[in-house]
Structure formats: structure tokens, C-alpha cells
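Keep in mind it's a predicted model, so treat the numbers as computed, not measured. For ligands, and for the atoms within them, numbers begin at 1 and follow the listed sequence.
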Amino acid sequence: MDARDLIFYQIYPRSFCDSNGDGEGDVQGIVSKIGYLRELGVNAVWISPCFQSPNIDNGYDISDYRAIDEKAGDLDSFCKMIEIFHENGIKVILDFVANHTSDKHFWFEQARSSKGNPYRDYYIWRETPPNDWQSAFGGSAWQFDEATGEYYLHSYAVEQPDLNWENPKVREEMKAVVDFWVSKGVDGFRCDVLDQISKDFQGQNGNGPRLHEFIRELFGREETKNLFTVGECWSTDGDNVKLFCGKDRGELTTVFAFRHLCLENGRFVTEKPKLEEVCRRLASWQTHCQKLGVLNTVFFGNHDQPRAVSRFGNDTVYRFESATALGAIVLLSRGVPFLYQGEELGVSNPRYTDISSFNDVESLNYYNENAGIVPEAELLAQINAGGRDNARRPMPWDEKAQKAWLEDYTNRKEINAQKDMQAEKSVYRTYQKLIALRKAEPSLRKGEFVCREVTERGFVFSRKDAETEITLVCNFETPSPFDKEKYDGEYLFGNYATVSSVLQPYQFLVFKKRL
Ligand code: GLC
């Protein structure tokens, strides 16, 4: 497998497709949409956790790494699903949540029962907190536990205790989890907050001294070295990317880096970042990884991010245009593209007026911390803009309102798969074309990335090998003069019916030149 040939689609199982109407997405639902994904053209999926979990953090709090959540299906149906994906030419990677378990995991239930329990050292306990680390979801990361009178570390929710990777037994257990899923046929893993598994208690929470040793121990083995592995590594920003995925390192295939998604001052803000700056960061990251000879990923969305079209584009007047322009940037860039469910339909952020419409632990904690301090309307506007529930609402397959674990999209009637696929201006069909082009043109998968222009008006880049040069011209919202003479190649397609001397809002154009 050449990882550069892969085009990923992320499935968030709980919200993807509910086949039995119980309000929870399930394995049979996923199976029923494999045809849809094949038609879209993707050749790999990342399936977010649907293991046994109390769902405090929506499946990222796992209570049994080898069991499928009973509302989603069972192990047999899950393995059958992997087979069907493979029969359709689609690779499957699963989430590997290595930093923490659920507090309902057997290991933690044992660990918290007494100081002398053999599982005690699977987690991180202290008589007093050794630092002032904060949980990513608010409050101290150290939780006092009455039963044994000590504090345990939870970098995320209180119900997500961090594993102690210094303990060789933990490392063996986690290797066994990886091997279990490899034996079931999976092609790799997306490794949740992987750069946090080694701790430096004197410094920041992440990127500890034994991190690379631990990753190598996990993925540098004969049985695992050919897997596709992508680490969620918030600390990657610069030359350290080479440590994670340099060719000779025996660690990961690639990483998710987040610089281009960290422009706002925190998660819950209503100001929009400048698309120019987003693209500038995206371009510089690709150029940087290219120079270092490492493989990067490209993405605008995932289950932790608000909808890209609302955040970076214009989800009212130019929804089709801006959704497809963002799609063109992702799908023609250097690296492995990752699409998030619904992005291929231009799904936008819904708007709610009451906190009861939200579910995410991060949003609810933020609300509780700020209620009465920040005016209610502003608080809700912030959560509507930045909250993770934006991406987690039930996928709008058609216009029928859905009763689900999380309140439905407020705009399902306007935006749904059935409607978009038949529309004259179809986001789905434009994504299809872009994907087909990426598959047909080696230069888009393996060629050089050349950034030509990033200005307040737009983004222009080329991908180039010995035979071909493909150029993407992407205008932002303000119409701009366009000099076609500058592009002497053949015009392939774009998201407007005509090309004139003025680029329209979010117009993109793809040119191909034989060299
Ligand atoms: C990652 C996941 C996120 C989760 C967190 C803790 O960032 O993507 O959804 O809440 O890790 O597992």
C-alpha cells in the first residue's frame, strides 16, 4: 500500500446511519452506505470508536477495547463489515485510544479499589497533585478519589483516567489491543492524542521523554510496521514531525497537525478566522513536510471541529461555492486527504437557542463554568460556533426529521444527501469529480507541491511531476480580476459554469498542463 494513494472518509458511527431506528447509528447502517462511499470514490475509512463505552466522551472513554458497543452491533457484524469494505476496495482504520480508558474499564475499577491492587499502577496516582495541569475539558486534571485518598490524572473528562505508560504491563496490554484488531483485518489506526502517552510532570502535558520509544515499541514491530498509522499530535509543529513519521523511525505513517485550525483564540469564539491565514498555514505545512520528506495529512474537519463551510466559508449565500472550494483545496493538496462525514454535502453548523440541545461534555462544562458570567445569548452563540456537537448531529441522509441520541440538524430540510445529489449544484458530485481527478493524476498524489500565491483574495497552488502540472486557482469571497493568460494549460473544471475575466465568490478552477 502506498499511503499517498489513500483518500480517507471519517465515519462517526453513532451519528452516521441508524438502521434500526433506536436513535443510535450502527454497524448495519454503515454497511448500508458502503455503496454511497464507493460512489463518492474514497478508498479508505477511519471509523471513530464504537467500542463498549459509557459515552461520557462519546466513545473516547472505552470500557472494553475488544467489544463493540451493543447498540452498534457485535464483534461478528463488525468484522463482517471490515470484510465488505475490503471487497469494495476500501481500507479500514480504527481509532486507537491509548492515553486513557473509561473509569468503568475493569482495569480502573480494580485500580481504584485499593492501593495494593495489582492494577493500581495501570494509572497515575499521587498523594498530592505534582503540577497544575488542567483537563482539556475544564478544571484540574487531578481528581481526588475518596476510596484510597489519592489523586489520579485525567487529561480529559474526570471519567477518563490516563493510563500509566511507564508500566510495561500497560504497554503489553495496548500492544495486545492493536494485535487483536490487526488479526480482525484492520489496515491501521488513527491514534487518539498519541503525543500525550509519555508524561513530563515538570513540563506541559504531552511530548514526554519516552514518547518515541513507546510509539516504536507499539508500531515498529514486524507485525505492525506495514499498517497505516496516523497520530493525533497537537504538539507537532516544526521539525519534530520527522521524529513521528520520518521514514526510518519505525513509528507512524503520518500525523494530524493542527496549526491551520488553531487561529481562533480558543474553541468557543464567534469571530471567523481569515481564510487567507488558514491557507497560508496549510501551504507552509505542506512545503515544510515536503522539505523534510515526510507525509502530511490535509483536512478541514473532523468530529472535534465545527463544520468547515461555516467556519471558513460562507454557509448562507455561498454554501455550495465555498464548500466545494474547500473540498478542492483538501483534495488537490499534498498529503493524505481526510474528509469528515457530511462535508461532501456541504453540511453547515446548525443553530440552537437552548443549552438542552447540546450533549458534548466540553460544551456543557464550558456552559456551566460561564453561565451567569457571560450573557446567555452570547454563550449559546459561542457554543453554536465552536462546539463539537456541530459535527456530531445525525448525518442528514434525507429530509425526514430524525429522533436520535443528539438533537437533529435544524437545517436538515435544506441540506441532505438526497437533495444534494440531485441538485444542479451538487457538493457531492463536485467532491466526486475532485476525487476522481486525484485518482487519475499521479502528480496529485505524488507530485511536488508548489505554492504560487496566498493573498487576501485567494489561494493558488500547483502539483507537479515530470509529465504534468495541475494548478488550482481558488478565489475567496471578493470577486477578483482573473488573467487566464497566466495559465496556459487546459481548463478541466471548476464550481461555476463559466470562466470569465472576473473570479466569482469562492470560484475554483483546475488547470492541467503537459510538461
Ligand atoms: C481526541 C478526540 C476527542 C476526544 C479526546 C479525548 O482529541 O479526537 O474527540 O475527546 O481525544 O479522547
Answer side chain, backbone, both or neither: which part of Glu362 comes under 4.0 Å from ligand 1, heavy atoms only. neither

Between Phe256 and ligand 1, which residue portion shows a heavy-atom distance shorter than 4.0 Å: side chain, backbone, both, or neither? neither

Give the numbers and elements of all ligand 1 atoms closer than 4.0 Å to a heavy atom of [X].
X      : answer
Arg388 : 3 (C), 4 (C), 9 (O), 10 (O)
His100 : 6 (C), 12 (O)
Phe137 : 10 (O)
Arg392 : 9 (O)
Val193 : 1 (C), 7 (O), 11 (O)

Side-chain touch Tyr122/Gln110, heavy atoms, less than 4.5 angstrom: no

Can we say [X] and [Y] salt-bridge, meaning some charged N sits less than 4.0 Å from an Asp/Glu carboxylate O?
X      : Y      : result
Asp315 : Arg351 : yes
Glu217 : Lys175 : yes
Glu166 : Arg171 : no

Write out the residue and atom name of the closest protein heavy atom to [atom], then the distance separating them to 0.1 Å.
atom                   : answer
atom 4 (C) of ligand 1 : Asp57 OD2, 3.2 Å
atom 2 (C) of ligand 1 : Asp192 OD1, 3.0 Å
atom 7 (O) of ligand 1 : Glu232 OE2, 2.8 Å
atom 8 (O) of ligand 1 : Asp304 OD2, 2.5 Å

Output field: ring centroids Tyr340/Phe8 closer than 6.0 Å: no

Is the distance between the ring centroids of Tyr152 and Tyr123 under 6.0 Å? no

Is it the case that atom CG in Asp2 sees more than 12 heavy atoms from other parts of the structure closer than 6.0 Å? yes

Applying a strict 4.0 Å limit to heavy atoms, is Gln305 in contact with ligand 1? no

Close approach, Gln196 and ligand 1, non-hydrogen under 4.0 angstrom: no

Centre of Trp285's six-membered ring, under 6.0 Å away, within 45 degrees of the axis: is that where NZ or CZ of Arg259 sits? no

With Tyr60, which of Ser53, Ser102, Ser48 fulfils side chain to side chain donor-acceptor pair (under 3.5 Å)? Ser48

